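Every value quoted in this text rests on a predicted model; they were computed, and no experiment measured them.
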Amino acid sequence: MKIRAVIFDLDGTLADSRLDFAAMRRDVGLADGVPILEALTHLEEDARERAHAIILAHELAGARRATPMPGARALVDLLRARGLRIGIFTRNARIVTELTLERLELAVDLIVAREDAPPKPAPDGLLWLLQSWGLAPHQALYVGDYLYDVEAGRRAAVRTVLYAPTPPDFAHDADEIIEDLADLPALVGGGG
């Protein structure tokens, strides 16, 4: 069956926000390497609210300085011209996602941000997007640059494309690997 939708991660896939996750962890008081959003669920309410405010400030700064990843605009325009639906599934806040997309002039059909569904690697956001469009998992691709993207795609049974100019250790878990966004249209086929 033809691919009818492409769902993207945002940071590191379509946008370069130059987020400093080590600084986020430090400012929130988390140890190195700890998954940020997951760690916040274990904090007391006041500390969690303060941490969310710190993270949001970092993300908003990233959205204001965001630049498109090489080929991102041309890719989204091409996919839209082929009649495919375009979605975003991100761990970012909705306001940050909308600001980034506006800054980069990227038009998408639907967004699932961290307020909308459990964060990746949970597949809920992908499944919600598919259900909203009336599509089966095999009718979509999910494109991301990080382990959580690959895990979410696999859990949703969506063909997962890892965008990695230098493939990481977990690359073998993705269904496809591309080193350049210009390689994605060949995986999509004719679309529509």
Among Val112, Leu110, Leu127, which one satisfies side-chain contact (heavy atoms from CB on, under 4.5 Å) with Ser132?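 Among the candidates, only Leu110 passes.
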Member of Thr100, Ile55, Val96 meeting the side-chain contact (heavy atoms from CB on, under 4.5 Å) criterion with Leu60: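 Single pass found, and it is Val96.
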Of all pairs that satisfy salt bridge (Lys or Arg N to Asp or Glu O under 4.0 Å), the ones with a partner from residues 114-137, not counting sequence neighbours: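 Matches after skipping sequence neighbours: Asp9-Lys120, Glu59-Arg114, Arg94-Asp116, Lys120-Asp149.
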[X] side chain to [Y] backbone, donor-acceptor under 3.5 Å:
| X | Y | value |
| --- | --- | --- |
| Tyr142 | Phe89 | yes |
| Arg48 | Leu43 | yes |
| Arg103 | Ala66 | yes |

Distance-minimising heavy-atom pair for [X] and [Y]:
| X | Y | value |
| --- | --- | --- |
| Pro185 | Arg82 | O-NH1, 3.3 Å |
| Ala152 | Ala122 | CB-O, 3.9 Å |
| Asp11 | Ser17 | OD1-OG, 2.6 Å |
| Leu130 | Ala140 | CD2-CB, 3.5 Å |
| Arg18 | Thr67 | NH1-OG1, 3.7 Å |
| Arg91 | Pro119 | NH1-CB, 3.7 Å |

Which value, rounded to the nearest 0.5 Å, describes the distance between [X] atom [atom1] and [Y] atom [atom2]?
| X | Y | atom1 | atom2 | result |
| --- | --- | --- | --- | --- |
| Met69 | Leu106 | CE | CG | 12.0 Å |
| Glu49 | Leu40 | CD | CG | 11.5 Å |
| Leu162 | Asp175 | CG | CG | 10.5 Å |
| Thr160 | Ile177 | OG1 | CD1 | 11.5 Å |
| Arg4 | His138 | CZ | NE2 | 9.5 Å |
| Thr13 | Asp145 | OG1 | CG | 4.0 Å |

When clusters are formed by joining ILVMFWY residues with side-chain heavy atoms under 4.5 Å apart, either directly or through shared neighbours, do [X] and [Y] land in the same one?
| X | Y | result |
| --- | --- | --- |
| Ile111 | Leu141 | yes |
| Ile7 | Val158 | yes |
| Ile86 | Val188 | yes |
| Leu84 | Tyr163 | yes |
| Ile178 | Val6 | yes |

Given side chains that start at C-beta, do those of [X] and [Y] come closer than 4.5 Å, heavy atoms only?
| X | Y | answer |
| --- | --- | --- |
| Pro123 | Glu151 | no |
| Gln139 | Ile3 | no |
| Leu14 | Val143 | no |
| Pro70 | Asp180 | no |
| Val34 | Phe21 | no |

Scan the side chains in residues 71-78 for donor-acceptor partners under 3.5 Å anywhere in the protein, sequence neighbours excluded, and list what turns up.
unit_1, atom_1, unit_2, atom_2, d
Arg73, NE, Leu104, O, 2.7
Arg73, NH2, Leu104, O, 3.4

Without hydrogens or angle criteria, can the side chains of His58 and Asp27 be said to hold a donor-acceptor pair below 3.5 Å? yes
Is there a donor-acceptor contact under 3.5 Å linking the side chains of Thr97 and Asn92? no
State which residues pass salt bridge (charged side-chain N to carboxylate O under 4.0 Å, His left out) with Arg85; sequence neighbours excluded, sorted by chain then number.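 Arg85 satisfies salt bridge (charged side-chain N to carboxylate O under 4.0 Å, His left out) with no residue once adjacent residues are dropped.
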Taking atom CD1 as the centre, does Ile95 end up with more than 12 heavy-atom neighbours from other residues, nucleotides or ligands that are less than 6.0 angstrom away? no
Do the side chains of Arg80 and Asp109 get close enough for a salt bridge, i.e. N-O under 4.0 angstrom? yes
Once the angle between the rings of Tyr146 and Phe170 is folded into 0 to 90°, is it parallel (under 30°), tilted (30 to 60°) or perpendicular (over 60°)?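 Plane angle over 60°, so perpendicular.
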